[in-house]
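Quick one: the structure is below, and I'll ask about it shortly.
Note that this is a predicted model, so its numbers are computed, not measured. When a residue number appears, it is its place in the shown sequence, counting from 1.
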Amino acid sequence: MTRHEKGMDSVATTTGPRLAVDGARGAKGLVLGGFAVLLVSVAAEFAGPLLVREYVDQAAGHAEAGELFSIAGWYLAVAVVGILASLALGYLAAQSGWHVADHVRLRLLRHVLGGRVLDLESRPAGEVLETVEGNSDIIGRSIAEAGFRVVGNLIMVFGMIAIIFAVVPAAGLGVTLLVVLVAIVLVKLTHRAVGLWKTARARKAELFGFLGDGLAARDDLLPLGESRWPGTRARREFDDLLVLERRAYVGGRAFWPLTQLFFAVSLGIGFAVGLRMLGVQQISVGGLTLIYLYVDRLRGPLEEMSAQVDQVQRMFAAFGVAAATLNTPTRGPASTSAGVTGAPRVTFTDVTFGYEPNALPALRDVSFEVPPGGVLGVVGRTGSGKSTVVNLLCGFAAPGQGRVALDGIDVTDLHPSELARSVVVLSQRSHLFTASVRDNITLFDETVPDDVVLSALADLGIESWVRSLPDGLDTVIGAGGRTVSDGQAQLVTGARALIRRSGLLIIDEGTSRLDEETQRRWSELIDRAAEGRTVIMIAHRLETLQGVDALLVLSEGQVRDHVSGADVRSYLDGAAAREVLSEVDEFVEPMEGAR
Ligand SMILES: Nc1ncnc2c1ncn2[C@@H]1O[C@H](COP(=O)(O)OP(=O)(O)OP(=O)(O)O)[C@@H](O)[C@H]1O
């Protein structure tokens with residue numbers, strides 16, 4: 001079985017409605033409570049006109065004042081119950097909305113973060129954020145503001161029509177025909193509007209992706225005099241989005257004039273038929289008042305629904321987009337829970353891997369082995385496949401053919417949390433979070449004691465600098481916090497590797513030139529972090545390669561040379577190295593300087 005057949009991918013299939021039901025199941029108590037209260041609220045709405053009919057008929061029949069007071073008292077009590085139920089419904093709807101939204105949010109986050117890192121990295125951060133948060137937010141709001149009420153309004157409309165039907169069948173028939181007509185138009189409108197909202201949501205996600213990129217690149221754009229460009233382009237895109245959203249909004253709201261027409265015609269039918277029946281004494285004055293009150297009360301739910309339908313359409317679109325996101329393939333479950341302890345043996349066996357199906361593979365038939373505790377330097381010119389080796393080792397992708405293993409266990413079979421415990425990456429390009437120095441080092445793991453963090457900082461020679469900060473380890477650094485130099489940032493993120501006892505250390509040396517002091521500290525950090533571990537080092541400097549046990553030279557995705565032991569020194573001094581390494585810009589200067 002090839003790696004591909006064995007497959008990392010699994011496809012969950014869900015639909016918008018199923019996602020909604022799953023979310024509602026998690027908030028079962030709230031949803032059931034909401035519906036129970038809704039029924040009370042609807043019953044109160046129905047009871048009002050019935051009590052009025054009773055009152056009018058009793059008054060016309062010269063009933064005692066006590067009886068009339070009693071009916072009025074009931075009317076008041078029903079009204080109070082209706083108001084209380086309505087308040088409770090608002091609260092339960094808000095709670096249910098946020099529960100369902102959280103369910104969707106969590107599933108989207110798990111899916112997006114649990115998937116292959118390379119898939120996630122191929123999408124702008126802003127777009128991912130909009131897809132997760134934008135859709136969850138719409139779902140939460142729509143349920144809170146419209147969820148129960150739409151159902152309540154539907155029950156009211158159908159219930160009132162049924163009562164009109166029972167009291168004046170001809171009027172009920174007329175109104176029923178109208179409802180069927182309105183429902184057909186509404187379904188068509190909703191279908192169209194949901195499609196338009198989905199397009200608008202996709203466009204919005206793209207736009208946020210662009211905005212995120214624009215913000216991230218502001219330091220680069222400013223010196224180039226292009227700092228206004230993201231703003232100008234974003235404005236154009238916002239204009240386009242406005243047109244799209246307006247079309248969806250207007251499309252959805254076309255229901256409003258329809259409800260007005262429906263109401264006017266229903267009132268006409270009710271009165272025309274009711275008055276005729278009153279004339280032939282088939283109905284009492286109270287009965288006619290009841291018809292009038294019910295038809296009049298239809299106006300409220302219908303008007304509310306014309307606004308709510310728009311919200312419900314957005315909600316359907318958001319559930320649809322969320323379900324489509326969840327249906328994209330993601331990493332399947334790991335087939336072993338076995339772990340790797342200590343410094344592992346790393347093996348690449350005939351590995352071929354391509355990012356794109358039809359492009360030349362980034363790695364072709366690559367094989368090498370690093371014994372436990374060994375240090376392998378990987379070099380090669382830009383695009384030769386060095387980072388791809390790291391991506392496969394970190395389980396970010398699975399090789400198309402061949403095998404990547406730690407102590408004989410396929411990397412893709414290791415559970416992500418097990419892999420995270422086995423591998424640590426020390427990179428000059430690590431991200432600094434807007435968070436305290438402590439959190440930046442522990443990566444928000446509160447179980448790591450301060451003395452472990454301080455000891456790592458002491459090893460790196462920056463403990464006194466951290467202690468001198470206004471809040472010590474609690475000082476917030478990164479964007480929006482205290483600014484630190486590139487060298488300090490590198491050491492703080494480097495401390496992450498020191499506090500973890502993972503057996504495999506991957507060092508990803510950036511290509512940026514560092515000043516002498518930072519370079520010295522980086523080299524010390526590497527020495528310190530490498531102790532007792534298997535090390536794979538993507539190197540760009542001759543100096544970094546001094547301590548390696550073996551050297552892997554990649555060229556266009558293939559192993560060009562693989563030397564070990566004493567041969568490393570002679571290789572680095574030899575003509576072949578000169579030829580290979582001179583292809584790498586970063587080597588030219590230091591190599592010449594070193595000779
Ligand atoms: N996410 C990706 N999607 C598609 N192609 C990619 C991706 N990452 C890398 N590649 C391609 O794979 C090949 C190997 O890239 P890789 O990043 O492994 O090279 P590298 O040796 O690490 O380069 P550098 O020294 O510039 O970082 C290149 O042709 C590159 O364009």
(message) Leu552 vs Asp561, test: side chain to side chain contact (heavy atoms under 4.5 Å, CB included). Steps then yes/no.
(response) CA-CA 6 Å; Leu552 184 78; Asp561 291 304; over 6 Å; no

(request) Examine Arg403 relative to Phe348 and say whether NZ or CZ is less than 6.0 Å from the centre of the six-membered ring and inside a 45° cone about the ring axis. (result) no

(request) Mind checking the CG-CD spacing from Asp137 to Glu130? Nearest 0.5 Å is all I need. (result) 9.0 Å

(message) Whether Glu463 and Arg467 form a salt bridge (side-chain N of Lys/Arg under 4.0 Å from carboxylate O of Asp/Glu) is what I want to check.
(response) yes

(request) First locate atom CZ of Phe368, then atom CD1 of Ile536, and finally report the distance between them rounded to the nearest 0.5 Å. (result) 5.0 Å

(request) Would you give the length of the straight line joining atom CG of Leu473 to atom CG of Leu457, rounded to the nearest 0.5 angstrom? (result) 6.5 Å

(request) Using a strict 4.0 Å threshold on nitrogen-to-oxygen distance, state whether Asp239 and Arg236 make a salt bridge. (result) no

(message) As an exercise, state the distance from CG of Asn391 to CG of Leu363, rounded to the nearest 0.5 Å.
(response) 9.5 Å

(message) Side chains of Ser136 and Glu133 only: does a donor on one sit below 3.5 Å from an acceptor on the other?
(response) no

(request) Starting at CD of Gln490, measure out to OG of Ser427 and round the result to the nearest 0.5 Å. (result) 8.5 Å

(message) Which residue in the set Asp350, Thr347, Thr349 passes side chain to side chain donor-acceptor pair (under 3.5 Å) when paired with Ser367?
(response) Asp350

(message) Is it true that, when you exclude Arg141 itself, more than 12 heavy atoms of the residues, nucleotides or ligands shown sit nearer than 6.0 Å to its CZ?
(response) no

(request) Would you indicate whether Tyr91, at its atom OH, is surrounded by more than 12 heavy atoms from other residues, nucleotides or ligands within a distance under 6.0 Å? (result) no

(message) Looking at His99, I'd like to know if its NE2 atom is crowded, meaning that more than 12 non-hydrogen atoms belonging to other residues, nucleotides or ligands lie closer than 6.0 Å.
(response) no

(request) Would you tell me whether Asp474 and Ser436 have side-chain atoms, one donor and one acceptor, within less than 3.5 Å of each other? (result) no

(message) Rounded to the nearest 0.5 Å, what separates atom CD in Glu524 from atom CG in Asp459?
(response) 10.5 Å

(message) Using only atom types and a distance under 3.5 Å, with no angle test, would you say the side chain of Thr534 pairs donor to acceptor with the backbone of Pro344?
(response) yes

(request) State whether Asp407 and Arg345 are salt-bridged, where the test is any N-O pair (Lys NZ or Arg NE/NH1/NH2 against Asp/Glu carboxylate O) under 4.0 Å. (result) no

(message) Any salt bridge linking Asp22 with Arg107? Criterion: basic side-chain nitrogen under 4.0 Å from a carboxylate oxygen.
(response) yes

(request) For residues Asn135 and Val104, determine if any side-chain heavy atom of one lies less than 4.5 Å from a side-chain heavy atom of the other. (result) no

(message) If you count every heavy atom of other residues, nucleotides or ligands that lies below 6.0 Å from Glu531 atom CD, does the total exceed 12?
(response) yes

(request) Would you confirm whether Asp439, through its side chain, and Ala435, through its main-chain N or O, come within 3.5 Å as a donor-acceptor pair? (result) no

(request) Carefully, step by step, assess Asp365 and Val351 under the rule side chain to side chain contact (heavy atoms under 4.5 Å, CB included). (result) CA-CA 5 Å; Asp365 289 324; Val351 171; over 6 Å; no

(request) Determine, for Arg203 against Glu237, whether the closest basic-nitrogen to carboxylate-oxygen distance falls under 4.0 angstrom. (result) no

